[in-house]
Trainee: 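Before we start, here is the structure in question, set down as structure tokens.
The sequence lines fix the lettering, A, B, ..., with proteins before strands; numbering per chain opens at 1.
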There are 2 protein chains.
Amino acid sequence: MAAKSRPKSDAPDASDRVGRIREGVTAAILEHRLLPGTKLGEDEIGEIYGSSRTLVRTALQQLAHEGIVNIEKNRGAFVARPTPADAREVFEARRLIEPTIVDHAVDAVSPAWIGRLQRHLAEEREAELRGDARASVRLSGDFHRLVAEMSGHSIYLGFLKELIARSSLIILLYRRHDTPACGTDHHAGIVAAIRKRDRAAARAQMLSHLDEIEAELFLKDPAADELRLADVLGA
Amino acid sequence: MAAKSRPKSDAPDASDRVGRIREGVTAAILEHRLLPGTKLGEDEIGEIYGSSRTLVRTALQQLAHEGIVNIEKNRGAFVARPTPADAREVFEARRLIEPTIVDHAVDAVSPAWIGRLQRHLAEEREAELRGDARASVRLSGDFHRLVAEMSGHSIYLGFLKELIARSSLIILLYRRHDTPACGTDHHAGIVAAIRKRDRAAARAQMLSHLDEIEAELFLKDPAADELRLADVLGA
DNA sequence: ACAGGCGAAACTTTATACAATCCTCGCCTG
DNA sequence: CAGGCGAGGATTGTATAAAGTTTCGCCTGT
């Protein structure tokens with residue numbers, strides 16, 4: 001976990017250090033280790049990854065473009081805090097795009113892809129089984145990303161990556177706590193429909209899956225601004 | 001706590017030099033003054049805008065994220081050259097998103113918005129009339145962006161901005177030269193449908209408009225890239 | 001004692017300097 | 001004379017230093 005600030009890097013694939021920073025921060029946000037509103041200081045992150053602020057800044061700008069980080073002029077970067085209006089927009093966009101994506105996924109069906117999907121379902125089930133909420137959240141998003149990759153449409157894939165990242169923040173902020181485990185069964189059903197090349201069923205299941213996720217949200221205006229920087233730093 | 005009682009605004013173009021570089025380069029690309037494959041040297045652009053390479057680099061990275069610029073490692077930034085496959089993806093995405101956008105535009109209809117739309121139509125007609133192809137191209141894209149702004153959905157707006165920018169490059173690369181002036185009448189029809197709050201008609205007209213634009217393209221495999229390069233150098 | 005302003009510290013923003021990489025072109029060899 | 005090879009130049013990638021802005025504590029005046 002602790003990255004060392006070694007001047008002469010020995011890393012095998014130290015080629016794309018910006019990418020590694022971006023992935024690391026993204027994972028932390030998507031797994032809900034970094035809470036909305038948390039300040040992302042350039043020095044702080046640079047120290048963690050052993051890089052200068054130039055690279056950190058590049059990564060943060062990319063995340064800002066993806067919508068999961070807000071950059072305020074002369075103030076710094078913060079984990080985004082989507083509003084209920086944002087949430088509604090994100091899920092409307094997902095309801096529009098994802099049925100089309102599964103359509104294309106059906107067209108691209110192959111044993112190799114079915115294998116990847118089922119392996120992913122197994123991972124999801126395992127994480128859920130051992131109560132790993134963080135992995136669960138991440139894998140749930142990864143499932144949708146995987147289907148988008150399968151569709152072969154790079155534009156939809158790029159859009160969906162953004163929507164998934166924002167969704168994760170939205171779920172963190174607005175999920176009702178009384179909801180039980182969700183999703184895995186839906187995902188399995190979607191995979192089954194894709195394997196059977198049943199477009200209509202695949203679309204319908206994806207749509208109802210998204211509806212259910214959104215139904216579990218309580219989109220009130222946020223009054224609780226409890227940002228716990230201490231928690232993040234302590235961990 | 002009054003966290004953000006005053007948004008402090010984002011200073012549209014007062015001190016945002018990165019934004020000015022981005023807008024400038026974008027406009028040049030969208031107006032077809034910069035052709036696909038053109039090298040965008042950092043020093044070169046920095047000289048033009050009187051800024052250091054730091055800011056130029058930031059702007060180029062944003063454009064790369066929008067898909068109209070390609071950045072090759074240790075090579076530099078180039079105006080993107082969408083493939084026919086890219087073109088099909090872009091227009092499929094537009095056919096999916098834009099009908100929904102006009103739906104929302106109908107919901108948001110108001111005298112002020114109708115005024116803005118009609119003023120825009122007048123601008124378009126004027127540019128077409130005086131044969132200003134560059135302004136025509138830019139304004140044609142701006143029309144779609146305006147409708148997206150009217151819809152009030154920031155997610156759709158962001159997505160569409162990307163799609164429009166890419167479309168402009170695609171049209172430049174693959175348009176049949178024998179096609180006459182297009183679009184303005186369609187745009188007028190769309191505005192009329194929006195004003196009448198006729199969702200079905202608005203959607204249908206937008207869809208047929210996009211179909212017509214795509215029908216004017218000749219999406220062959222780019223074996224003629226080298227020939228294009230000769231054109232660029234000769235021009 | 002409290003409100004308001006002054007000043008210093010911390011952070012972001014921008015510029016510049018240094019290092020690494022790639023392309024070009026001339027030279028050498030077969 | 002053709003083709004490979006290496007040095008030089010140019011350009012990008014990264015780090016560091018200077019400049020500007022915001023924030024927060026402290027001090028003063030009422």
Trainee: dG13(D) phosphate, OP1 or OP2: any side-chain N/O from Arg57(B) under 4.0 angstrom?
Mentor: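 Yes, such a contact exists.
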
Trainee: Rounded to the nearest Å, what distance is computed from the CG atom of residue Asn74(B) to the C1' atom of nucleotide dC23(C)?
Mentor: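 Checked: the CG to C1' distance equals 12 Å.
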
Trainee: Ignoring hydrogens and angles, tell me if any N or O in the side chain of Tyr174(A) forms a donor-acceptor pair with the backbone of Pro82(A) under 3.5 Å.
Mentor: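 Present.
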
Trainee: Between Arg75(B) and dC23(C), is there a side-chain N or O to OP1/OP2 distance below 4.0 Å?
Mentor: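 Affirmative; the distance criterion is met.
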
Trainee: Any donor and acceptor pair, going by atom type alone, linking the side chain of Ser136(A) with main-chain N or O of Ala133(A) inside 3.5 Å?
Mentor: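 Such a contact is absent between Ser136(A) side chain and Ala133(A) backbone.
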
Trainee: Hey, is the side chain of Arg53(A) pairing donor to acceptor with the base of dT13(C) inside 3.5 Å?
Mentor: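 Donor-acceptor pair under 3.5 Å: yes.
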
Trainee: Rounding to a whole Å, what distance do you find between Ile71(B):CD1 and dT11(D):P?
Mentor: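 The distance from CD1 of Ile71(B) to P of dT11(D) comes to 17 Å, rounded to the nearest Å.
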
Trainee: For Ala215(B), is there any backbone N or O sitting under 3.5 Å from a side-chain donor or acceptor partner on Arg176(B)?
Mentor: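 Yes, Arg176(B) side chain to Ala215(B) backbone: donor-acceptor pair under 3.5 Å.
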
Trainee: Is the phosphate of dT12(D) approached by Lys39(B) (side-chain N or O, under 4.0 Å from OP1 or OP2)?
Mentor: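 Affirmative; the distance criterion is met.
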
Trainee: For Ser154(A), is there any backbone N or O sitting under 3.5 Å from a side-chain donor or acceptor partner on Glu89(B)?
Mentor: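 Pair found, side chain donor or acceptor close to backbone of Ser154(A).
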
Trainee: Report yes if a donor N or O on one partner sits less than 3.5 Å from an acceptor N or O on the other, where the partners are the side chain of Arg17(A) and the base of dG13(D); otherwise report no.
Mentor: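 Answer no: no donor N or O sits under 3.5 Å from an acceptor.
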
Trainee: So which nucleotide does dC11(C) pair with, by the Watson-Crick or G-U wobble rule with both distances under 3.5 Å?
Mentor: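 Partner of dC11(C): dG20(D).
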
Trainee: Would you kindly give the CZ-to-P distance between Phe78(A) and dT23(D), to the nearest whole Å?
Mentor: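 From Phe78(A) CZ to dT23(D) P: 9 Å.
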
